[in-house]
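Read through the structure below, which is laid out as structure tokens, and then see the notes.
Since the model is a prediction, treat every value here as computed from it, not as a measurement.
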Amino acid sequence: MTNLLCCLACLFLYVQLLSSPNIAFASSLEAEALLKWKASFQNQTKNNLISWAYYPKVNTIPCNGWTGISCNTAASVNRINLTNSGIQGTLYEFPFLSLPNLEYIDLSLNQLFGAIPSQISSLSKLIYFDLSYNQLSGKIPPEIGLLNSLQVLHLNENQLNGSIPQEIGQLKFLNELALQTNNLEGPIPASLGNLSHLAGLYMQNNFLTGPIPSDFGNLKHLTMMYLSNNTLSGSIPSEIGNLKSLVELCINDNNLSSSIPSSLGDLANLTLLYLFNNNLSGIIPKEIGNLKSLVDLQLSDNHLNGSIPTSLGDLINLETLFLRVNQLSGSIPQEMENLMKLIVLELDTNNFSGYLPQNICRGGSLQNFSVNSNHFIGTIPKGLQNCKSLVRVHLEGNQLTGNISEDFGAYPNLHFIDLSHNNLHGEISQLWGQCPQLATLRIAGNMLTGRIPPEISHATQIRELDLSSNSLVGVIPKNFGRLTSLVNLMLNDNQLWGPIPSEFGSLTDIEYLDLSTNKFNESIPGIFGDFLKLHYLNLSNNKFSQEIPFQLGKLVHLSQLDLSHNSLEGKIPSQMSSMQSLEKLNLSYNNLTGLIPTNFDEMHGLYHIDISYNQLQGPIPNNKAFQNARMDGNNGLCGNVGGLKPCNHSVEHKHTSKKAFLIIFPILGTLLLAFLAFVLIGRRKSRRKQELEIKQSNMHESFFSISNFDGRKMYGEIMEATNGFDVVHCIGKGGQGSVYKAKLPSGSIVAVKKFHQTLDGEEASRKEFLNEIRALTQIRHRNIVKFLGFCSSAQHSFLVYEYLETGSLAAILSNENEAEKLDWSTRVRIVKGVAHALCYMHHDCSPPIVHRDITSSNILLRCDYEPCVSDFGTAKLLNPDSSNWTARAGTYGYVAPELAYTMKVTEKCDVYSFGVLALEVIMGKQLGDFVSSFSFPSTTYPNIFLKDVLDQSLPPPTPQLQDELITIARLSIACRHSHPQSRPTMHMVSQALSFPTASSNRRSIDITLEQLITI
């Protein structure tokens, strides 16, 4: 009863207050001010503020049902929470001066752009201020330092630039500061050390330089400090050891140097310490062993030396230890066996030697064990034999000995194991067939003997099997045909014999097949022509006989074919000319006869050919590759190439040719004169038309436009640097043109994309081309290759970009050694960068730009692996009346399905391509048909776990990165929705790719694809 009376009294008081004329008038002013801000939005009908309406006699007070608005007891607005409300606009009309009682503002996850106004300083009562996940730009106003009551400031995930204002150090009550993922630069202000109440500091993913301020040692309440992925330099200040409350410290991916301070051993509450990818040197301080709460320790990719301190064995809660890619030496301390909770142990690429601890899996939780590329001797640790938790094992590149058939057992969760290039002996155990999740098995370069056990075919998930460079004997088991998931198969350099079993025809997903240097005989099976995904085939140094099967001509993706050193006979099949991707062909040391097919002229991709030591005869094809081909040992070949005799024609042939010449020549001469006259007249008209267009477009002084450069001078320098676009300077080719590397006299290097010659009938589009190029010159984004200028003349049309030396993402992913440098955090950053770039193109450019050819080949990487979208040769400005396009562009596998039946180009085409690209990055390879498993909607889903499709060459991701990979996979599925309207926008994708969520919300990658789309 008492509570009821209190409520009634409060309600009566509230009604009385509302009835006050002054209060009602003040509320009316606040309503008008908020409505004026709403009126400035660009999407009036698509936001969630329908309830915001002003009726003078009905709803003058914002507190009465206005979405996201709360008021104090005096009916004055004190809270605005409009997170994820679909607002598209600026803060320029925000009523800072009209809302003096505001304590809470949350405008996150919208589409706000423009700068943060300095009028923010008028909100003196503000406690909580969140503008994260928008598109705000410009500098952080120093007036923000006047918000004396502020406790939470979130400006992360925007496009803010400039330096961090030192005035933020005046916010003495600030508890959380989030500035991550912007374009902030310059040093970290030392004044931030004055924020004595600060608990969370997030400034990762910017361009900050200089040292970490030693004043940070004053932040005694700090629990989270994230400074990773900047360009910070200098040493780690020892004063950080004063931060006794610190739980997570991430200062990885910077340029920090010197040694690790021993004072870090005083951070008793630390659970996560990331120092990887810096230039740290010296020893690992033994004081690190004092961090009894430590769960995740990552010191990889530095220059650390010395041995592992025995004190690390005291880290009883440690689950992840990364020490890879350093200069550490000595043996692994026996005390490491005490790490009972250890899940991931990465020690590869160091100078370790001695014996491995025998009970390294003592706790039974070890999943990832990598000690490859060291100098370990002795036997495989006995503790691994019964370590059922193993998922990934890297032991390759050591000097380990022992009998392989006795050192390993059956592992229910094992995905990847590499034992290559050691001194192991014995026979391959049939127990590998009892590893149901096994995807990669590598035992190359050892001393294995015996036969390949048929039981290995029970491991039907194997995608890569490498048993090369051993002493294996016998035939290939017929039930190898059950390994239908095989992508890479290497059995080369053994003593295998017999024919290739017909059951091989089931391996239709095979991409890389090497059976060379064995004793295989009989014919090459025609079923190899069904391996349509094959890009590498090596059958050399065997005893194959009979003819080359014509079915090989169906291998249109094959880039390397080696059939040398066999006993093949007959003619070279003319069907091989269909192998348009072929680059290297070796048919040497066989018994081939007859003519080389004339249609080899059409194989423009060939650059290396060896047909030596056969019995071929007749003229060589008119193909540039044959000018430098190895052809010795074929006495019947002729042609205008050094070492060959010229081709002689019979007298009768000469006489016939002469008569034909006398008859045809006058006719050709007449036609030629008529053609020349027609061309001259046409050129004169075209020249006049071009001159008129140049005058109309105000380009009569400079036909060559280069930003910040003298156009004509730069044109001459490019022509000289490329020797008139000589093929020697060509670094890439595409359907529209070729890309050249040009080193200018100034020392700078640029990439020049030269278009193919303009065809007749395309002159009408020149003006449109120029208009689009002018729009591209306005593009400025950290994840888009900088466009420097263009040339559009009668002689040449080319674009000039900055040159990125690391190359394309596709090239790196296709190189196993290079791909391993792209760790999970780097791959996540690549996906985010591409998403931000496309978001900018689709939502920040006017008119929007759709790229149309987003592929891994068109994603270039800077030296720090920061991604940049390149090649706007197919880009289209999306004017309202130009969405229908008559020319199809894009790359197979990345093209949205609707383009198969309609030519309508929208931003959703890029969204689809992005979905394919993102999957390619996390899977580490081009997807092919496998990507269909990620399609949505679908009637059925294969029972595939996300962990199974992630790149198996990398160690398992940390819990912090698992959430991000799940988000990427989930978004990839959504982006590849078969209906364009059901795909998210790139703005939605860009916002969703946030920094790791709180640990309490982390999910495991042990999730099926079907479960993934329900998240």
Atom [atom1] in [X], atom [atom2] in [Y]: separation rounded to 0.5 Å?
X	Y	atom1	atom2	result
His535	Ile510	NE2	CD1	9.5 Å
Ser559	Gln580	OG	CD	13.5 Å
His608	Leu582	NE2	CG	11.0 Å
Ser574	Asn599	OG	CG	5.5 Å
Phe504	Leu486	CZ	CG	8.0 Å
Glu547	Thr593	CD	OG1	8.0 Å

Is there a donor-acceptor contact under 3.5 Å from the side chain of [X] to the main chain of [Y]?
X	Y	value
Asn398	His375	yes
Asn518	Leu491	yes
His425	Gly402	yes
Asn590	Asn566	yes
Gln461	Ser485	no
Asp530	Gly505	no
Asp632	Ser612	no
Ser581	Leu558	no
Thr517	Asp493	no
Ser577	Phe600	no

State which residues pass disulfide (SG to SG under 2.5 Å) with Cys435; sequence neighbours excluded, sorted by chain then number.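 None.
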Decide yes or no on side-chain contact (heavy atoms from CB on, under 4.5 Å) for Leu552 and Ile548, but give the supporting numbers first. CA-CA 8 Å; Leu552 294 186; Ile548 298 174; 3.9 Å; yes
Glu346 and Asn368: side-chain donor and acceptor closer than 3.5 Å?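 Result is yes, a qualifying pair exists.
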For Asp514 and Ser516, does a side-chain donor sit closer than 3.5 Å to a side-chain acceptor?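 Note: Asp514 and Ser516 side chains meet the donor-acceptor criterion.
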Residue [X] excluded, over 12 heavy atoms near [atom1] under 6.0 Å:
X	atom1	value
Lys382	NZ	yes
Phe550	CZ	no
Lys478	NZ	no
Asn635	CG	no

Least distance between heavy atoms, [X] atom then [Y] atom:
X	Y	answer
Asn542	Lys519	OD1-N, 3.3 Å
Leu637	Met631	CD1-CB, 4.0 Å
Asp509	Lys533	OD1-NZ, 2.9 Å
Leu366	Cys361	CB-SG, 3.9 Å
Tyr411	Leu384	OH-O, 2.8 Å
Tyr613	Asn634	N-ND2, 3.6 Å

Mind checking whether [X] and [Y] have side chains closer than 4.5 Å, heavy atoms only?
X	Y	result
Ile611	Ile620	no
Asp951	Leu822	no
Gln551	Phe528	no
Leu917	Leu809	yes
Met447	Asn423	yes
Trp497	Asn521	no
Leu539	Ile500	no
Ile380	Leu424	yes

With sequence neighbours left out, write down each residue that passes side chain to side chain contact (heavy atoms under 4.5 Å, CB included) with Glu522, or none if nothing qualifies.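 Partners of Glu522 under the side chain to side chain contact (heavy atoms under 4.5 Å, CB included) test: Pro499.
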Parallel under 30°, tilted from 30 to 60°, perpendicular over 60°: which one fits the rings of Phe408 and Trp432?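 Correct class here is tilted.
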Go through the steps for Met576 and Leu585 under the test side-chain contact (heavy atoms from CB on, under 4.5 Å), then give the verdict. CA-CA 11 Å; Met576 290 181 66; Leu585 174 63; 4.0 Å; yes
Please report the C-alpha distance between Lys388 and Asn413 in whole Å, then the side-chain angles of each, then the deciding distance to 0.1 Å, and finally whether the side-chain contact (heavy atoms from CB on, under 4.5 Å) criterion is met. CA-CA 7 Å; Lys388 302 300 182 182; Asn413 303 306; 5.8 Å; no
Run the side-chain contact (heavy atoms from CB on, under 4.5 Å) test on Leu950 and Leu965 for me, step by step, so that the C-alpha distance in whole Å, both residues' side-chain angles and the decisive distance to 0.1 Å come before the verdict. CA-CA 9 Å; Leu950 295 179; Leu965 292 172; 4.1 Å; yes
Are Arg442 and Asp466 within salt-bridge range, i.e. N to O under 4.0 Å?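 No, no charged N to carboxylate O under 4.0 Å.
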Name the residue from Phe369, Phe376, Phe416 that meets the ring pair (Phe, Tyr, Trp, His ring centres under 6.0 Å) definition with His394.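 In the set Phe369, Phe376, Phe416, the residue that makes a ring pair (Phe, Tyr, Trp, His ring centres under 6.0 Å) with His394 is Phe416.
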